[in-house]
A.B. asks: 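This is the structure I want to talk about, given as structure tokens.
Within every chain, numbering begins at 1; the chains are lettered A, B, ... in the order of the sequence lines, protein sequences first and strands thereafter.
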There are 2 protein chains.
Amino acid sequence: MAETGSQFDCIAVMGVGLIGGSIALAAKSCGAARSVIGFGRNRDRLAAAKSHGVIDEAATSSDDLSRAGLIVVCTPVDRIATDVLAALQATEGTSTLVTDAGSVKGSIQRAVDLEYSGDRFVAAHPLAGSHHSGFEHANASLLPGRLCVLTPRGYPTVDDNVQQVRRFWERLGMRVRLMSVQEHDKTLALTSHLPHLAASAVASLVEPAILEYASTGYRDTTRVAAGDPELWSAIFALNKPEMLRGIDRLVSALQQCRIALDEERHQDLRGFLQGASEARRQYRDDPSRPDDGT
Amino acid sequence: MAETGSQFDCIAVMGVGLIGGSIALAAKSCGAARSVIGFGRNRDRLAAAKSHGVIDEAATSSDDLSRAGLIVVCTPVDRIATDVLAALQATEGTSTLVTDAGSVKGSIQRAVDLEYSGDRFVAAHPLAGSHHSGFEHANASLLPGRLCVLTPRGYPTVDDNVQQVRRFWERLGMRVRLMSVQEHDKTLALTSHLPHLAASAVASLVEPAILEYASTGYRDTTRVAAGDPELWSAIFALNKPEMLRGIDRLVSALQQCRIALDEERHQDLRGFLQGASEARRQYRDDPSRPDDGT
């Protein structure tokens with residue numbers, strides 16, 4: 001398939017929110033799809049997304065899905081497995097591919113595998129987001145330059161369907177990495193899910209009465225704790241084994257500091273902070289990082 | 001003393017870095033002092049601060065301190081008690097006041113009390129800072145609008161010296177609060193020191209190899225972990241009892257989440273995140289907060 005033409009004549013996006021809307025906009029502007037059908041539970045919201053120009057067409061029944069060459073499932077993480085299965089079922093007997101945008105991969109793949117043994121589903125996790133939600137904040141520039149992790153069932157084997165889905169995400173400007181679901185879930189537990197839980201735990205200890213003594217350290221360390229409890233408790237539950245391991249490691253690091261502090265082993269405490277500081281500076285000083293002021 | 005004239009003819013700043021330099025600049029621009037003597041261990045740095053216009057004069061010996069009506073000790077937190085005692089000794093028999101800018105108060109006050117029983121020292125903690133250090137980044141606008149906590153030894157009794165020192169910090173544009181050293185150290189453990197330790201613990205778990213999968217959640221939650229290990233291990237050690245209590249509470253909150261997750265009590269986990277989210281939103285939505293994008 002030539003990169004100059006559209007990769008798909010038509011794709012469908014299930015769940016037209018911030019991510020789904022951004023994928024819809026990017027797919028059209030990057031030539032990954034000629035047209036985008038939006039699919040969602042709320043007809044009014046879907047009609048509004050259409051009139052905002054985020055999607056070309058609002059699906060009225062699951063029959064509309066069979067016209068799509070690719071279906072991208074962008075619903076909340078605890079609904080993805082069900083929606084992927086619905087998409088696969090609605091397109092049974094076709095060559096329509098299905099991918100998703102869920103931030104946990106193992107539990108979704110296991111739930112899908114229980115009822116589907118074909119090769120049309122290729123799981124994905126585009127690492128992009130924003131404090132905002134809703135298609136009104138959708139933006140074609142949310143994705144380019146960011147990583148998208150694919151966790152194909154047969155990894156490290158890569159078949160044609162995986163290649164096609166890979167090409168789709170790359171066409172949106174994303175840098176694609178392939179890994180196993182286990183590696184994905186362990187990595188994201190440490191880089192995303194555990195930081196969120198730590199931020200929430202710190203925020204839970206600071207009573208409103210003393211908030212006026214909080215400064216930029218509190219502000220940044222706890223920022224993500226303001227996020228949606230529904231979404232994050234679902235993520236933690238879906239990534240349970242890795243989160244349990246991560247919490248144990250975090251508690252162990254804190255206990256190690258507690259003992260050093262209690263026994264006045266200042267060298268050990270300073271050494272711990274030094275290691276953490278060096279690790280964090282590697283992130284900050286990485287020239288490929290798009291954000292600055294970090 | 002009329003607010004239109006200068007409060008002090010001359011003040012001295014010990015430790016002319018980011019905070020000391022900002023106090024020097026603000027004191028002159030707000031009319032808190034007509035002139036500022038800088039005092040420090042490194043003569044070259046002090047001469048440079050003078051040629052940058054941050055201070056009017058570089059002290060050459062501790063005799064110069066006796067010309068100051070107020071001495072503000074802005075040295076690193078683990079040197080403050082020693083420097084406060086040196087300042088009190090150099091000005092023995094005068095009415096020169098001494099204040100400081102340390103972010104821990106109890107251990108400093110206890111160390112001073114061991115060798116000094118007079119009433120010329122009034123401890124302070126201006127809640128202001130920046131990622132930068134050094135007088136080159138000093139800025140008169142770092143302090144206005146921020147809180148400054150005074151922890152006078154006789155609190156809640158407030159004598160004339162406390163009033164004078166209070167007036168000085170207010171003259172710099174700061175909003176002054178008075179409290180006991182215990183209340184200060186407990187409050188700051190939760191709003192500042194514990195967030196820093198949590199950020200460091202999270203950062204310590206994320207190996208360089210997976211840093212490319214870190215996104216804005218990691219970035220903000222761990223930002224302060226890049227800070228100076230020397231400074232922060234000193235702060236933790238000086239605030240040991242409150243830090244030990246704080247770590248125990250943080251570990252207990254994390255264990256509570258771990259148990260809820262392990263036993264699949266989703267309602268409890270969501271409830272915990274909900275509480276943390278509401279606490280954090282109170283900070284974000286406070287209209288008096290100077291920073292936005294929080």
A.B. asks: What part of B:S200 is in contact with chain A, defined as an atom under 4.5 angstrom from a non-hydrogen atom: side chain, backbone, both or neither?
C.D. replies: both
A.B. asks: Might you confirm whether atom CD of B:E263 has over 12 heavy atoms from other residues, nucleotides or ligands at distances under 6.0 Å?
C.D. replies: yes
A.B. asks: Given heavy-atom pairs under 4.5 angstrom as the criterion, report whether the side chain, backbone, both or neither of B:L244 touches chain A.
C.D. replies: both
A.B. asks: Go through the steps for A:Y155 and A:H184 under the test side chain to side chain contact (heavy atoms under 4.5 Å, CB included), then give the verdict.
C.D. replies: CA-CA 12 Å; A:Y155 178 84; A:H184 171 277; over 6 Å; no
A.B. asks: Please collect all side-chain hydrogen bond (donor to acceptor under 3.5 Å, both in side chains) contacts where either partner lies in residues 224-245 of chain A, sequence neighbours excluded, each pair once.
C.D. replies: A:H193-A:N239, A:K240-B:E264, A:E242-A:R245
A.B. asks: In terms of heavy-atom pairs under 4.5 Å, which option from A:A199, A:A253, A:G227 contacts chain B the most?
C.D. replies: A:G227
A.B. asks: State, without any angle test, whether B:Q274 and B:E278 hold a side-chain donor-acceptor pair at a distance under 3.5 Å.
C.D. replies: yes
A.B. asks: Looking at chain B, which one of A:G246, A:P208, A:G275 has the largest number of heavy-atom pairs inside 4.5 Å, strictly under?
C.D. replies: A:P208
A.B. asks: Main chain of A:G217, side chain of A:T221: is a donor-acceptor contact present, judged purely on distance under 3.5 Å?
C.D. replies: yes
A.B. asks: Please determine, among B:T222, B:V224, B:L127, the option with the most heavy-atom pairs under 4.5 Å with chain A.
C.D. replies: B:T222
A.B. asks: Quick one, A:R177 and A:R166 - any side-chain contact, counting heavy atoms below 4.5 Å?
C.D. replies: no
A.B. asks: Out of A:I210, A:V206, A:L261, return the one with the most heavy atom pairs under 4.5 angstrom to chain B.
C.D. replies: A:L261
A.B. asks: Just by distance, do the side chain of B:S204 and the backbone of B:A201 share a donor-acceptor pair under 3.5 Å?
C.D. replies: yes
A.B. asks: Using only atom types and a distance under 3.5 Å, with no angle test, would you say the side chain of B:R270 pairs donor to acceptor with the backbone of A:P229?
C.D. replies: no
A.B. asks: Heavy-atom distance under 4.5 Å to chain A: side chain of B:L147, backbone, both or neither?
C.D. replies: side chain
A.B. asks: If you count heavy-atom pairs within less than 4.5 Å of chain B, which of A:L250, A:L197, A:V149 leads?
C.D. replies: A:L250
A.B. asks: Please determine, among B:M243, B:R249, B:H266, B:Q256, the option with the most heavy-atom pairs under 4.5 Å with chain A.
C.D. replies: B:R249
A.B. asks: What parts of residues 99-111 of chain A touch chain B if we use heavy atoms and a cut-off under 4.5 Å?
C.D. replies: none
A.B. asks: Using non-hydrogen atoms and a 4.5 Å limit, figure out which bit of B:V202 sits close to chain A: side chain, backbone, both or neither.
C.D. replies: both
A.B. asks: Quick check for you: among B:D248, B:L188, B:T191, which has the greatest number of heavy-atom pairs under 4.5 Å with chain A?
C.D. replies: B:T191
A.B. asks: Within the side chain of A:S22, is there an N or O that forms a donor-acceptor pair under 3.5 Å with the backbone of A:L142?
C.D. replies: no
A.B. asks: Would you check if the side chain of B:R175 reaches a backbone N or O of B:G145 as a donor-acceptor pair within less than 3.5 Å?
C.D. replies: yes
A.B. asks: Go through A:L205, A:V251, A:L269, A:I247 and name the one with the most non-hydrogen pairs under 4.5 angstrom from chain B.
C.D. replies: A:L205
A.B. asks: Who among A:S192, A:G271, A:P195, A:A279 has the most heavy-atom pairs with chain B under 4.5 Å?
C.D. replies: A:P195
A.B. asks: When you measure from the side chain of B:H137 to the backbone N and O of B:S133, does any donor-acceptor pair fall under 3.5 Å?
C.D. replies: yes
A.B. asks: Walk me through whether B:L190 and A:Y213 qualify under side chain to side chain contact (heavy atoms under 4.5 Å, CB included).
C.D. replies: CA-CA 9 Å; B:L190 295 173; A:Y213 301 99; over 6 Å; no
